[in-house]
Amino acid sequence: MRFNNKRMRLILPLIAGAVLLCATGPGAAAQHRDETRTFQQAAGIQTAMLRGKQAARYDFPANGNPYWTSAEYRLGDVVIDGNAYYDVPVNIDAVAQRLLVRVGDSQVAVALQPDRVGSIEMDGRRYVGVGVGASLPEGFYEVIGEGEEHVYKHIVKVIHSSTDNVNGDAIGYRDPNYRYDVSRYFALRRSYWYRDAEGAFRRIRSKDALLRCLGPRKKAVRQAMRISNYDQNGADFDSFCRVALEIAAR
């Protein structure tokens, strides 16, 4: 998207730079957020954040959705091209692996490549974008853990078609490429990587695999979980990773 006014094309980046280089001191972080919001409101959809392709549309009937969790856009704090933006309506396209940024109050969204997205803070969770050629496959990852070690969770959705019921619900529409009714759905694939304190990644597929990554701390983590009555076998994998890393960091 381009600015309609040549002068605005020159002025807005200067304003953005001034906002992002705010003064340090007490209350500077809050002031930074307020000034950034003021700039975003003044620039509207002309901010550099929205320089991208229009998001893909999935208009065909299908079970599930193509997004990380739901089709609902949520307000998040994002870092794009090294610049911070606050309270931005965003979502993650898990099929195309793109960050979706809604334009104002419209239904139009811009799709941004992972290598442009430094981080996303949304619903109390943190995500990062990984570009082509990195240690991990290109896409978006939820970062689990608060210390020097993390688990990176990756969700990819793939469009499939089936003549059988999917999730107990057959759509029952007729695809012109088939001689019978077809149920189309978004299949979800999860994968996890352990990231050590030095930044090296190792794919993990089980709770035991994560514990093995912790080396000599493995026994202490198991014991702490047992003493605290933490249900190792019953806990979902995300929660298990979060608790294990927290204990290992003590």
Side-chain angles (χ1 to χ4, degrees), residues 24 28-30 32-33 67-70 74-80 82 84-86 88 90-94 97-99 113-158 187-250:
T24 59
H32 181 193
R33 292 174 66 93
Y67 308 103
W68 186 282
T69 53
S70 73
R74 300 182 182 277
L75 295 181
D77 298 343
V78 297
V79 175
I80 299 173
Y85 302 87
Y86 303 106
V88 179
V90 294
N91 205 339
I92 298 175
D93 183 332
Q97 292 298 303
R98 295 292 184 264
L99 173 65
Q113 296 178 189
D115 58 1
R116 293 186 58 191
V117 184
S119 66
I120 310 164
E121 301 280 349
M122 178 174 56
D123 290 341
R125 301 178 180 232
R126 180 171 179 260
Y127 305 83
V128 295
V130 174
V132 177
S135 301
L136 301 175
E138 180 189 22
F140 287 94
Y141 294 78
E142 180 182 351
V143 181
I144 300 174
E146 301 294 336
E148 294 183 344
E149 299 166 283
H150 302 90
V151 168
Y152 278 45
K153 175 184 177 181
H154 189 35
I155 285 183
V156 177
K157 291 189 177 180
V158 181
L188 186 152
R189 300 173 181 172
R190 295 184 184 90
S191 56
Y192 294 82
W193 276 264
Y194 164 76
R195 181 186 184 276
D196 65 23
E198 285 70 43
F201 287 93
R202 184 189 311 177
R203 187 166 182 177
I204 55 175
R205 292 180 170 84
S206 67
K207 297 174 181 179
D208 283 339
L210 173 60
L211 291 176
R212 287 195 295 270
C213 291
L214 302 179
R217 295 169 294 169
K218 171 183 175 179
K219 183 177 181 181
V221 171
R222 280 192 184 278
Q223 184 177 7
M225 287 183 169
R226 187 164 51 249
I227 293 174
S228 64
N229 293 321
Y230 183 79
D231 185 1
Q232 176 182 337
N233 295 320
D236 65 86
F237 193 60
D238 291 21
S239 298
F240 180 88
C241 291
R242 190 170 289 107
V243 172
L245 292 178
E246 180 182 348
I247 296 173
R250 294 174 183 170

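Just so you know, these numbers come straight off a predicted model, no measurement behind them.
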Tell me, do [X] and [Y] make a side-chain contact under 4.5 Å, heavy atoms counted?
X      : Y      : answer
Phe240 : Leu211 : yes
Arg203 : His154 : no
Val221 : Met225 : yes

Tell me every residue that passes side chain to side chain donor-acceptor pair (under 3.5 Å) with [X], counting only those two or more places apart in sequence or in another chain.
X      : value
Asp238 : Lys153, Tyr192
Arg125 : Glu142
Arg242 : none

- Task: Evaluate the criterion side-chain contact (heavy atoms from CB on, under 4.5 Å) for residue pair Ile120 and Ile92; output intermediate values, then yes/no.
- Result: CA-CA 10 Å; Ile120 310 164; Ile92 298 175; 4.2 Å; yes

- Message: Parallel, tilted or perpendicular: which one describes the rings of Tyr152 and His150, with boundaries at 30° and 60°?
- Response: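 Ring orientation of Tyr152 relative to His150: perpendicular.
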
- Message: Regarding Lys218 and Asp208, does a basic nitrogen lie under 4.0 Å from an acidic carboxylate oxygen?
- Response: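 A salt bridge is absent here (no side-chain N lies under 4.0 Å from a carboxylate O).
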
- Stepwise side-chain contact (heavy atoms from CB on, under 4.5 Å) check, Leu214 with Glu149: CA-CA 9 Å; Leu214 302 179; Glu149 299 166 283; 3.9 Å; yes

[X] to [Y] - nearest heavy-atom pair and separation:
X      : Y      : answer
Pro114 : Arg98  : CD-NH1, 3.5 Å
Leu99  : Val117 : CD2-CG2, 3.8 Å
Ile204 : Tyr194 : CG2-CB, 4.0 Å
Ile247 : Ala224 : CG2-CB, 3.8 Å
Ala94  : Gln97  : O-NE2, 2.9 Å
Leu210 : Ala244 : CD2-CB, 4.1 Å

- Message: So, using side chain to side chain contact (heavy atoms under 4.5 Å, CB included) as the criterion, who are the partners of Ser70 when residues are at least two apart?
- Response: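 Expected list: Glu72, Arg74.
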
- Task: With sequence neighbours left out, write down each residue that passes side chain to side chain contact (heavy atoms under 4.5 Å, CB included) with Ala187, or none if nothing qualifies.
- Result: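 If we apply the side chain to side chain contact (heavy atoms under 4.5 Å, CB included) test to Ala187, skipping adjacent residues, the hits are His160, Tyr185.
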
- Item | Pairs satisfying ring pair (Phe, Tyr, Trp, His ring centres under 6.0 Å), at least one member in residues 117-138, at least two apart |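 Checked against ring pair (Phe, Tyr, Trp, His ring centres under 6.0 Å) - neighbours excluded - the pairs reaching residues 117-138 are Trp68-Tyr127.
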
- Item | Separation between CD of Gln113 and CZ of Phe140, rounded to the nearest 0.5 Å |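 These two atoms lie 9.5 Å from each other.
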
- Query: Going from CZ on Arg222 to NZ on Lys207, what distance comes out if it is rounded to the nearest 0.5 angstrom?
  - Reply: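 Result: 10.5 Å between the selected atoms.
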
- Criterion side-chain contact (heavy atoms from CB on, under 4.5 Å) on Ile155 and Leu188, from CA distance to verdict: CA-CA 7 Å; Ile155 285 183; Leu188 186 152; 4.2 Å; yes

- Task: Return yes when atom CD of Glu146 has more than 12 non-hydrogen atoms of other residues, nucleotides or ligands closer than 6.0 Å, and no otherwise.
- Result: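 For Glu146, atom CD is not crowded (no more than 12 foreign heavy atoms under 6.0 Å).
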
